[in-house]
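Report on the structure given below.
Scope of the values below: all heavy atoms of this structure, side chains included, with no hydrogens, waters or symmetry mates.
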Amino acid sequence: MLELAILGFLAEEPLHGYQLRQRIAQLSGHARPVSDGSLYPAINRLVSAGLLARQTEPGASAARRYTLTLTDAGRRELLRRLRDADGFAISDSTRYFTVLAFLSHLPDTADQHAVLRRRLEFLEQPASFFHDGDRPLGADDTDDPYRRGMLTIARATSRAERSWLREVLA
């Protein structure tokens with residue numbers, strides 16, 4: 001998802017690595033901070049693959065700064081990753097939110113809606129953090145107040161998201 005976020009933000013405008021890191025951190029929040037040790041190798045992979053271009057600019061002091069831009073191949077790759085989002089990109093909330101943040105870059109509404117339908121299908125499957133054998137447990141099935149809280153919050157969040165998805169898809 002880091003590479004998707006890089007491609008997505010650079011589809012909006014050229015950025016320096018530091019600016020890119022700030023935007024990714026704001027998107028992913030405190031849950032998944034991005035370190036230089038993960039960001040810059042990802043940038044280098046994308047540059048090596050021809051998906052990003054790096055231009056050198058003079059810095060405020062002697063240090064040079066690099067501006068990153070998305071190449072045409074990078075734009076095609078971004079659109080492919082968005083259009084084909086499936087699996088963990090749909091089921092993991094943080095990964096899905098990264099997809100959702102850039103979904104408007106897909107020019108075809110049908111492609112956007114196909115991604116949203118996959119998420120809706122996932123959310124409509126019975127799920128729980130806790131099970132009794134194969135049976136998922138709901139908030140009413142536990143006496144533990146903290147597990148009940150987890151299940152209540154998850155149910156409300158899922159209900160709100162399913163409602164929003166149905167509204168967008170209508």
Side-chain angles (χ1 to χ4, degrees), residues 1-125 127 154 157-158 160-170:
M1 286 295 108
L2 177 59
E3 290 183 358
L4 179 62
I6 293 168
L7 295 171
F9 281 120
L10 291 176
E12 296 169 359
E13 65 179 313
L15 296 167
H16 299 287
Y18 176 77
Q19 295 168 311
L20 188 57
R21 188 165 147 259
Q22 285 182 312
R23 295 207 185 164
I24 293 169
Q26 291 165 347
L27 175 64
S28 60
H30 67 279
R32 297 189 182 175
V34 63
S35 69
D36 289 345
S38 58
L39 177 63
Y40 289 99
I43 289 171
N44 290 335
R45 283 191 304 274
L46 294 170
V47 168
S48 294
L51 305 178
L52 303 181
R54 186 179 356 221
Q55 291 85 27
T56 306
E57 296 177 359
S61 61
R64 293 180 294 168
R65 290 175 38 145
Y66 297 98
T67 300
L68 300 163
T69 57
L70 195 64
T71 64
D72 290 341
R75 185 167 304 283
R76 286 190 301 273
E77 179 63 11
L78 169 65
L79 298 179
R80 184 197 65 75
R81 289 180 187 210
L82 291 169
R83 190 173 24 260
D84 296 347
D86 206 355
F88 287 128
I90 295 297
S91 63
D92 178 86
S93 293
T94 302
R95 291 176 187 214
Y96 172 68
F97 274 22
T98 302
V99 170
L100 201 56
F102 303 109
L103 198 58
S104 63
H105 288 290
L106 277 177
D108 188 349
T109 304
D111 288 337
Q112 296 170 356
H113 285 192
V115 173
L116 297 180
R117 275 193 295 282
R118 287 193 291 275
R119 176 66 176 185
L120 183 58
E121 289 170 11
F122 164 73
L123 291 174
E124 289 178 335
Q125 299 301 312
T157 301
S158 179
E161 185 177 354
R162 287 192 316 266
S163 175
W164 175 78
L165 285 165
R166 288 183 189 111
E167 180 183 316
V168 170
L169 292 169

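- More than 12 heavy atoms of other shown residues, nucleotides or ligands fall within 6.0 angstrom of atom OH in Tyr40.
- Interatomic distance, Leu10 CG to Arg75 CZ, rounded to the nearest 0.5 Å: 10.0 Å.
- For the side chain to side chain contact (heavy atoms under 4.5 Å, CB included) with Leu82, the qualifying choice from Leu7, Val99, Val115 is Val99, the only one to do so.
- For the pair Thr67 (side chain) and Leu15 (backbone), a donor-acceptor distance under 3.5 Å is absent.
- Here the CG atom belonging to Leu51 is positioned 9.0 Å from the CZ atom belonging to Arg76, to the nearest 0.5 angstrom.
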(message) Between Leu78 and Leu4, is the side chain to side chain contact (heavy atoms under 4.5 Å, CB included) condition met? List the steps.
(response) CA-CA 7 Å; Leu78 169 65; Leu4 179 62; 3.5 Å; yes

(message) Checking Arg23 against Leu27 for the side chain to side chain contact (heavy atoms under 4.5 Å, CB included) test, could you report, in this order, the C-alpha distance in whole Å, the side-chain angles of both residues, the deciding distance, and whether it holds?
(response) CA-CA 6 Å; Arg23 295 207 185 164; Leu27 175 64; over 6 Å; no

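- The CG atom of Leu103 sits 11.0 Å away from atom CZ of Arg83, with the distance rounded to the nearest 0.5 Å.
- For Ile6 against Leu52, the heavy-atom pair with the smallest separation is CG2-CD1, 3.9 Å.
- Of the inter-residue distances, the one linking Thr98 atom OG1 with Ile24 atom CD1 reads 9.0 Å to the nearest 0.5 angstrom.
- Applying the 6.0 Å contact sphere to CG of Asp108 captures more than 12 heavy atoms from other residues, nucleotides or ligands.
- Under a 3.5 Å cut-off, the side chain of Glu3 and the backbone N or O of Leu46 do not form any donor-acceptor pair.
- Taking CG of Leu68 as the reference point, atom CD of Gln19 lies at 9.5 Å (rounded to 0.5 Å).
- One finds a salt bridge joining Glu77 and Arg81 here, because a Lys/Arg side-chain nitrogen approaches an Asp/Glu carboxylate oxygen to under 4.0 Å.
- Side-chain contact between Arg54 and Ile43 is present, with heavy atoms from C-beta onward closer than 4.5 Å.
- Phe9 approaches Phe102 most closely through the heavy-atom pair N-CE2, 3.5 Å.
- For the pair Leu79 and Asp111, the minimum side-chain heavy-atom distance is 4.5 Å or more.
- Among all heavy-atom pairs drawn from Ile90 and Asp86, the shortest one is CG1-CA, 3.4 Å.
- Among all heavy-atom pairs drawn from Gly17 and Leu39, the shortest one is O-CD2, 3.8 Å.
- Between the side chain of Arg118 and the backbone N or O of Ala85 there is at least one donor-acceptor pair closer than 3.5 Å.
- Taking OG of Ser91 as the start and CD of Gln125 as the end, the distance is 11.5 Å to the nearest 0.5 Å.
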(message) What verdict does the side chain to side chain contact (heavy atoms under 4.5 Å, CB included) test give for His113 and Val168, after you've listed the backbone C-alpha separation in whole Å, the side-chain angles of each residue and the deciding distance to 0.1 Å?
(response) CA-CA 8 Å; His113 285 192; Val168 170; 4.1 Å; yes

(request) Before giving the answer on side chain to side chain contact (heavy atoms under 4.5 Å, CB included), spell out for Arg162 and Leu120 the whole-Å C-alpha distance, their side-chain angles and the decisive distance to 0.1 Å. (result) CA-CA 6 Å; Arg162 287 192 316 266; Leu120 183 58; 3.9 Å; yes

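- The closest donor-acceptor contact from the side chain of Ser158 to the backbone of Ala154 lies at 3.5 Å or more, if one exists at all.
- Contact record, Gly50 with Ala73: O-CB, 3.8 Å, taken as the closest heavy-atom pair.
- Across every non-hydrogen atom of Pro14 and Thr69, the tightest pair is CB-CG2, 3.4 Å.
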